[in-house]
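Note sheet for the following structure.
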Amino acid sequence: MKAFLKKILGSQHAREVKKLQPMVDEINRHFEGLSSLSDDQVKGKTEEFRSRLKDRTRELEEEIDGLKEQKRSSEDAALRESLTQEIAGLDAQLLETVEEALNDLLPEAFAVVKEACRRNLGKEIVVTGQKMEWNMVPYDVQLVGGIALHQGKAAEMATGEGKTLVATMPLYLNALAGRGAHLVTVNSYLAQRDAEWMGVIYTFLGLTVDVIDRHDPGTADRRGAYNSDITYGTNNEFGFDYLRDNMVHTLDQRVQRRHHYVIIDEVDSILIDEARTPLIISGPVGKDTSTPFKQYSAMVSSLYKKQTRLANQLVAEAEKLLEGEEESDEYKAGEKLLAVKRGTPKHRKLLKMFADEPGLQKLVQKVEADYMREKILHEIDEQLFFAMDEKGHNTHLSDKGIEELSPNDPDAFVIPDLSQAMGAIEEDASKSLEEKRTAIQELEAAYAAKSQKMHVIHQLLKAYTLFHKDEQYIIGEDGSVVIVDEFTGRQMAGRRWSDGLHQAVEAKEGVEIRGETQTLATITIQNYFRMYDKLAGMTGTAETEENEFHQIYSLDVLVIPTNRPVIRDDRDDLIFRTKREKFTALMDEVERLNKMELPVL
């Protein structure tokens, strides 16, 4: 029934696109009327639009400026608080007024951009050092994409449908407000290429455009890039500039201005895949912290090797139990595999078993859920030397592990209750004031030493258990540990994990241990982009993440049809039970295509 109704009424996205058709027709009517104008008259449209927009907002802006001046000159805290709330209310009202004015200007503004594209046809331009000819004028479906982006939606457009050109129209329109319009790309090359390529249209219409990645952080040039009408850049640079702006001593040292409007290219990659990735600015701790990592590295290495041997033994025992016919044997095998998962999450044999037999992973999850429900998960952990929570990156040394690390001193890893111990000293009538002060200092020193020891050992355990060479990092040519970006695979030279983790990895690899860093400022990609007044995005694959976009960012998805019907034969995905079957089928397909003399990448 659902399929029948979809066939009759069309998909939701098709209906949404149909609703936008009258606006597309209006844009084209304005476009036809522009052909009789001179170049200067077309360029003059930008100032005309700005003037009309200013007329709509002037009264509110003057009222806000007056209240801000009153707030600056007032010394009454209650009055300042009242004025702050009043300004916030008027600011929200101003934002609504700007949006209404832009909606009214949209048909004319989009038509002007389309006309600028037509007038530049055949013009030779230079993009990233390469000569090319401007040969683009937006199709109707690209106008639909531009409208969706202006409305703050995620536009899904197929590869080759011209997303780069589509972005010019909403960027031009929103830049008229004078609050900045940003376009975010996944790498600096695309940012520079698109800014130079589409800059032909922006500069023709009298707008300024710049790329933040061209300029050093914190400089006047970087500030100038943000003050341009349209600003291109990478997601990381936008985020790090925000963090640096929150660390300056004076307001005039900031480079960013208000977060007004942003279009994110490859929006699914940035807002979904990398959403929780933290951007971190670190600084030196200011004291020598490398010695403890050298001191305990060999000890933790030995413990890790023993844990690995124990995990191998548990896997072998689980395999034997799985061969048994008793139902209880399967559950016991699940208990042993759960112990391996908690002790060595990246154990290769365990991961292979999970890949070959997905049912085993469900068994382990069931056992884990049972133990968590009964609150006896610690019984699994006590079989191990240490337990590791892979998601939270938390480590727990068991009694067995503590005994292994410190057989002659069972209290070596027991951190005392500082407040209770200090209270006991204070209440000790037999001690003089000086003796109490000395005892408290000794207690604090012992507490700090034990805390540091536990921290170092936990970080070393993480380094040995969760971080592996040629996966999370590589050893650079200069012998340093270089982080590898988990999403792009690119080397992140100069970046360091904080909180001693990088030093732990250096100690593990036996390279020079450099100074520890501490986190000075941090924000996630998700939280940064949620600060914008209006957020939009474009990608070739947004529909599959439609729910996440709506729930997290209140971002609706609109699938834009292609300019011409798709003749490609898109077949259903083939799903295989195991990796072995998948790769066998893949090799058969490569062989089949090879016999047909077709190349395979």
Side-chain angles (χ1 to χ4, degrees), residues 11-14 16-17 20 141-142 144-171 174 181-191 193-194 198 213 231-240 242 259 261-279 391 484-490 492 523-563 566 568 570 572-573 575:
S11 69
Q12 178 193 343
H13 297 297
E16 290 293 324
V17 170
L20 297 177
V141 290
Q142 291 175 312
V144 171
I147 295 167
L149 292 175
H150 167 68
Q151 292 175 343
K153 294 180 179 177
E156 178 178 310
M157 300 184 71
T159 304
E161 288 297 300
K163 292 190 288 292
T164 307
L165 180 64
V166 168
T168 58
M169 294 173 281
L171 284 173
N174 283 272
H182 299 165
L183 190 136
V184 177
T185 65
V186 291
N187 63 60
S188 56
Y189 167 75
L190 288 176
R193 185 204 69 177
D194 293 355
M198 299 301 116
D213 297 61
T231 306
Y232 283 74
T234 54
N235 54 325
N236 286 350
E237 287 302 316
F238 277 106
F240 280 121
Y242 171 75
H259 298 87
Y261 176 65
V262 64
I263 297 175
I264 302 176
D265 193 14
E266 303 300 345
V267 65
D268 53 336
S269 171
I270 292 174
L271 290 192
I272 302 297
D273 300 342
E274 300 184 37
R276 301 303 298 162
T277 302
L279 302 176
K391 281 187 180 177
V484 175
D485 189 296
E486 63 178 307
F487 297 104
T488 64
R490 291 189 179 92
M492 301 169 73
I523 192 172
T524 61
I525 294 288
Q526 179 185 106
N527 289 338
Y528 174 72
F529 284 112
R530 287 169 72 176
M531 292 192 299
Y532 278 85
D533 296 329
K534 187 165 62 173
L535 171 66
M538 51 190 186
T539 180
T541 51
E543 193 175 11
T544 50
E545 280 87 23
E546 194 167 2
N547 289 335
E548 288 93 332
F549 280 130
H550 183 74
Q551 290 169 7
I552 301 169
Y553 304 99
S554 300
L555 199 62
D556 292 328
V557 171
L558 183 63
V559 178
I560 311 298
T562 54
N563 185 47
V566 177
R568 182 180 60 244
D570 285 328
D572 293 334
D573 292 339
I575 309 297

Closest heavy-atom contact between [X] and [Y]?
X: L149; Y: G537; value: CD2-O, 3.2 Å
X: L555; Y: G152; value: CD1-O, 3.2 Å
X: V557; Y: H13; value: O-CE1, 3.2 Å
X: P170; Y: I263; value: CG-CD1, 3.8 Å

Under the rule for side chain to side chain donor-acceptor pair (under 3.5 Å), what residues qualify as partners of [X], not counting sequence neighbours?
X: D213; result: T234
X: Y242; result: none
X: S188; result: none

Would a 4.5 Å heavy-atom cut-off, applied to side chains only, mark [X] and [Y] as touching?
X: M538; Y: D265; answer: yes
X: L558; Y: V17; answer: yes
X: I272; Y: V267; answer: no

Taking atom [atom1] of [X] and atom [atom2] of [Y], what is their separation to the nearest 0.5 Å?
X: D194; Y: L183; atom1: CG; atom2: CG; value: 7.0 Å
X: T185; Y: E237; atom1: OG1; atom2: CD; value: 10.5 Å
X: H182; Y: Y532; atom1: NE2; atom2: OH; value: 4.5 Å

_Please enumerate all residues that pass salt bridge (charged side-chain N to carboxylate O under 4.0 Å, His left out) together with D570, with sequence neighbours excluded._
R568
Pairing residues for [X] by the ring pair (Phe, Tyr, Trp, His ring centres under 6.0 Å) criterion, not counting sequence neighbours:
X: H150; result: none
X: Y261; result: none
X: F240; result: none

Side-chain polar contacts of residues 158-167 - donor-acceptor pairs under 3.5 angstrom, sequence neighbours left out - could you list them?
| unit_1 | atom_1 | unit_2 | atom_2 | d |
| --- | --- | --- | --- | --- |
| E161 | OE1 | N563 | N | 2.9 |

*Just grab all the salt bridge (Lys or Arg N to Asp or Glu O under 4.0 Å) pairs involving residues 525-540, residues at least two apart or on different chains.*
E99-K534, R258-D533
What pairs of donor and acceptor atoms, side-chain ones from residues 541-554 against any protein atom, are under 3.5 angstrom apart with sequence neighbours left out?
| unit_1 | atom_1 | unit_2 | atom_2 | d |
| --- | --- | --- | --- | --- |
| T541 | OG1 | D268 | OD2 | 2.7 |
| H550 | ND1 | D556 | OD1 | 3.0 |
| Y553 | OH | L271 | O | 2.7 |

*Evaluation steps, side-chain contact (heavy atoms from CB on, under 4.5 Å), between V141 and T562*: CA-CA 7 Å; V141 290; T562 54; over 6 Å; no
*Return the set of residues passing side-chain contact (heavy atoms from CB on, under 4.5 Å) with S269 (not counting sequence neighbours), or none when no residue passes.*
E266, D273, E274
*Sequence-distant partners of Q151, side-chain contact (heavy atoms from CB on, under 4.5 Å), two or more places apart*: L20, I147, K153
*Trace of the side-chain contact (heavy atoms from CB on, under 4.5 Å) decision for F529 with I270*: CA-CA 10 Å; F529 284 112; I270 292 174; 3.9 Å; yes
*Before giving the answer on side-chain contact (heavy atoms from CB on, under 4.5 Å), spell out for L279 and F238 the whole-Å C-alpha distance, their side-chain angles and the decisive distance to 0.1 Å.*
CA-CA 10 Å; L279 302 176; F238 277 106; over 6 Å; no
